[in-house]
Amino acid sequence: MRHRLGWKGEGDRPSGRRSVKVTKKEAGKRVVCNSQGYPLSVMDGELYWYPDFIDPVSASALYRQLEKEVIWRQDYLRMGARQVAIPRLQAWYGEQGYRYSGLYLEPQPWLAAHRQLLALLEEQLGLSFNSVLMNLYRDGNDSVGWHADDEPELGINPCIASLSLGATRRFHLRHREHTEQRLSLELGHGALLVMSGPMQHHWRHQIPKTRRPVGPRINLTFRSINPPEG
Ligand SMILES: O=C(O)CCC(=O)C(=O)O
Ligand SMILES: [Fe+2]
């Protein structure tokens, strides 16, 4: 267990206020962070929930910065003879390229906002990553279907830290074999969800479309990609 956790034990809500307020300055911007978190009790996996990881003012500043600087791409999946647009925009930053579902994502160099978030994840939770997959859900029509983050480059039992900025969207988790095991979380502005242990082998997750009018949402899933062999 590499986490430094802000709670007492499995299934235990932390007693008292054990939140840590941290401010980090880079390029004149401060990020206020609250690393109080909760373990969510699930079978065959580890799930940690930090509902207020980034405070709303810092989260809005990060959102605006990323909205301005990220180079988003529209990717397509081949479905037989057809090319189907993925229902969201994506971007891949970090140190290595990423191959998934027949797509190759060329890495782009870290932005200052990414470096700031990487430093927070390291300092607050003891987690380090070398890449981030970003998703922009423009409205309720954008989504990501059931999948697991189980590409071979992520290794066995990968740790994935997923930060949400902007509109709140519902996140579903479902066990692959015990399909009655389900979870639904509202991922709000500044919330962090960490999935680790055998989670990606036993569970799938999705962000469904919604008819509710929702604004745009940026999601960053920090990951560690193993270097290519050879
Ligand atoms: O947007 C999210 O919260 C989830 C994104 C996701 O599952 C992924 O990028 O693999
Ligand atoms: Fe995912």
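Note that ligands are numbered from 1 as they come in the structure, with each ligand's atoms numbered from 1 the same way.
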### Task
Of the side chain and backbone of Ile160, name the one, both, or neither that has a heavy atom under 4.0 Å from an atom of ligand 1.
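The answer is neither; Ile160 stays 4.0 Å or more away.
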### Query
atom 3 (O) of ligand 1: which of Arg217, Gln90, Arg169 has the nearest heavy atom?
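That would be Arg217.
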### Vertex the Fe ion (ligand 2), rays to NE2 in His147 and OD1 in Asp149 - rounded to 10°
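Nearest ten degrees: 90°.
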### Message
Working note: Ile207 + Asn135, criterion side-chain contact (heavy atoms from CB on, under 4.5 Å); need CA distance, chi angles, decisive distance, verdict.
### Response
CA-CA 11 Å; Ile207 299 273; Asn135 293 297; over 6 Å; no
### Task
Using atom types as modelled and distance alone, determine if a side-chain donor or acceptor of His205 lies under 3.5 Å from a backbone N or O of His172.
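The answer is no, because no donor-acceptor pair under 3.5 Å joins these two groups.
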### Query
Would you say ligand 1 has an N or O under 3.5 Å from any N or O of Asp149?
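Indeed, backbone or side chain, Asp149 has an N or O that close.
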### Query
Going only through I, L, V, M, F, W and Y residues with side-chain contacts under 4.5 Å, is there a path from Phe53 to Tyr48?
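Linked, Phe53 and Tyr48 end up in one cluster.
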Look at [atom] and say which protein heavy atom is nearest, naming residue and atom and giving the distance to 0.1 Å.
atom                   : result
atom 1 (O) of ligand 1 : Tyr137 OH, 2.6 Å
atom 8 (C) of ligand 1 : Arg223 NH2, 3.5 Å
atom 9 (O) of ligand 1 : Asn135 ND2, 2.8 Å

### Query
CD/Gln116 to CG/Leu111 distance, rounded to the nearest 0.5 angstrom?
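So the CD of Gln116 and the CG of Leu111 are separated by 11.0 Å.
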### Atoms in ligand 1 flagged as close to Leu187, the criterion being non-hydrogen separation under 4.0 Å
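That gives atoms 3 (O) of ligand 1.
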#### Entry: the Fe ion (ligand 2) to His205: nearest N/O/S atom name
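This residue's closest N, O or S atom turns out to be NE2.
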